[in-house]
Amino acid sequence: MHSTNHIFSVVKRFWILIIMAAFTAVTLAACNPSNYKSSAAQIPQLVTSILSDPKTFNYPLSSESPNVFGLIYEGLITENFDTGAVEPALAESWTISDDKLKIVFTLRDGLKWSDGQPLTVDDVVFTYNEIYLNEAIPTDIRDIMRIGESRKLPTIRKVDNRRVEFSVPEPFAPFLRSVTSNAILPAHVLRESIKTKDSEGKPKFLQMWGVDTPPDQIVCNGMYKLERYDTSERVVFRRNPYYWRKGSKGEAQPYIERLVWQIVESTDTSLLQFRSGGLDSISVSPDYFSLLKVQEKQGNFKIYNGGPATGTTFILFNLNKGKRNGKPLIDPIKSRWFNTVEFRQAVAYAIDRQTMINNIYRGLGQTQDSPISVQSPYYLSPKEGLKVYDYNIEKAKQLLLKAGFKYNAQNQLLDSEGNRVRFSLLTNAGNKIREAIGSQIKQDLSKIGMQVDFTPLAWNTYLDKLSNTLDWDASMLGLTGGLEPNDGANVWNPEGGLHMFNQKPQAGQKPIEGWEVAPWEAKIGQLYIQAARELDEAKRKAIYAETQKVTQENLPFIYLVNQYALSAVRDRFENIRFSALGGAFWNLYEIKIVK
């Protein structure tokens, strides 16, 4: 799964489920130089620690984070995580046609692969036409290239030796940011593996560049190249001598010669190493912020606060009215409650999110009210008209009474037919913050007469209920976020794989009879398609503002708290520009080790 703040990850392709608290995914470190000596002189290095081995070195087949690809590959464009702007990478410039259906990129002159071979327009055309758009290659990347209701794909052609043209069937505003940031791959190394088939008729490319491949065979174009990989121990990267970026005086970038990812067993280990002076950076969770804060000066480090992280945490009710084999997926009595908007709004008002921030997040967070990340230019703030649900028990009770619910002598909530309001709330076990939130929600909702059976489950069991059997009442989850709302279109399209509050059967699952899409639900899906077509930024922002108003009025997700993005970084680094989007080392190419 992708982490919310893995600093070297490639641009997010989709919003995906967040299983663990963000800080568990990665810590950044620079170890004692004696721990990893070179055969020659000692080389300045940055060591990062990760919790699991890489799964593949084959970019299109990867869906994991952390992964190596943000270090070893680049696309035509990149994102500045300081400003959020799209910036040139392998392409030095681009032009968009008047009808908005063609984008022509001009590549930088003299680009080279890590083996010294020229990187050309032919590599770009090969990467898109023969890999990403090749139906024989199972890659998520193809899905984000599908455009509009027709789900058509773009076409890519060579214009001349420096220029390549992308054509789209209709205007598609997210195209530049979402599609052309994907890695360009080396045709001279990989083309033969696309043409050659194995005994099952599949391209041999699918067996290329596994984690057992000798690192010197992985040809790349990013800041670094793979130097070695020792299973369950470390991944080592060396500066790519052919990388295109140069400093202000024409000097080669990046400045840090070598990176090492130590593969560690737990974040507790990382914390101990950081406190004993062995590591240079660590993500800071609310659990140990106060512990580290008092040691800043003594430990020669600074805790950076990037403000709200890009991800979301929320609860949702199962709104699916369908049946399987004639049997309703959800008890019809509960389904009536969940599908009553006043019921969902009452729950939102009854959750004391400020107490959650104070007690569970140690004050290191803020209330969340939108599915769109605060950093996005399309975020609608409460000041601009976004509906919020600040804690208000009386308002919650009034909404329930208005919807026909009533209270008995014991202050238990009953529906209009006298049924006691009781439901289960699921989340994944092992996430301490989510388990604490669930316990508080159980207590908060008891104050408006609801009985909540809070049940953390093993992840695989939970995922099966959530997306396969659909046998659940309410759930607590998180999603990654980012600058481009369309990256979350698979959440809001009623047919989408993450439309989890009213899930349609996915490929290979049993059919559902009588699956219904509510008018507000269909409206959000249509607005997302409309926003993707709209190229006028002011109009596009207005469309996304409307989506946020509809989601907050109807509450398919009841948003909770947005934790702050925090990292501790020792003072030996220069040019740190910390951001919630990219972490401490997103601008690694310009960071220097100064002492």
I'd like to check the salt bridge (charged side-chain N to carboxylate O under 4.0 Å, His left out) partners of [X]; sequence neighbours left out, ordered by chain and number.
| X | answer |
| --- | --- |
| K293 | E296 |
| K334 | D473 |
| E495 | K504 |
| E417 | R336 |

Excluding sequence neighbours, so at least two apart, what forms ring-ring contact (aromatic ring centres under 6.0 Å, His included) with [X]?
| X | answer |
| --- | --- |
| Y391 | none |
| F578 | Y304 |
| F317 | F338, F343, F423 |

Report summary line: Residue set satisfying side chain to side chain donor-acceptor pair (under 3.5 Å) with E394, at least two apart, ordered chain then number -> none

Report summary line: Residues passing the side chain to side chain contact (heavy atoms under 4.5 Å, CB included) test with N358, sequence neighbours excluded, are Q354

**Report entry** Contacts of V517 that satisfy side chain to side chain contact (heavy atoms under 4.5 Å, CB included) - sequence neighbours left out
**Finding:** P494, W515, E521, A522

Requested in this report: Can you run down the side-chain hydrogen bond (donor to acceptor under 3.5 Å, both in side chains) pairs that involve residues 446-457, sequence neighbours left out, and say none if there aren't any?
Outcome: R420-Q451, R422-D453

Side-chain polar contacts of residues 549-562 - donor-acceptor pairs under 3.5 angstrom, sequence neighbours left out - could you list them?
| residue | atom | partner | partner atom | Å |
| --- | --- | --- | --- | --- |
| T551 | OG1 | T547 | O | 3.3 |
| T551 | OG1 | Q548 | O | 2.9 |
| Q552 | NE2 | D369 | O | 3.1 |
| Q552 | NE2 | K387 | O | 2.8 |
| E553 | OE2 | Q345 | NE2 | 3.2 |
| N554 | ND2 | V550 | O | 3.0 |
| N562 | OD1 | A309 | N | 3.3 |
| N562 | ND2 | A309 | O | 3.0 |

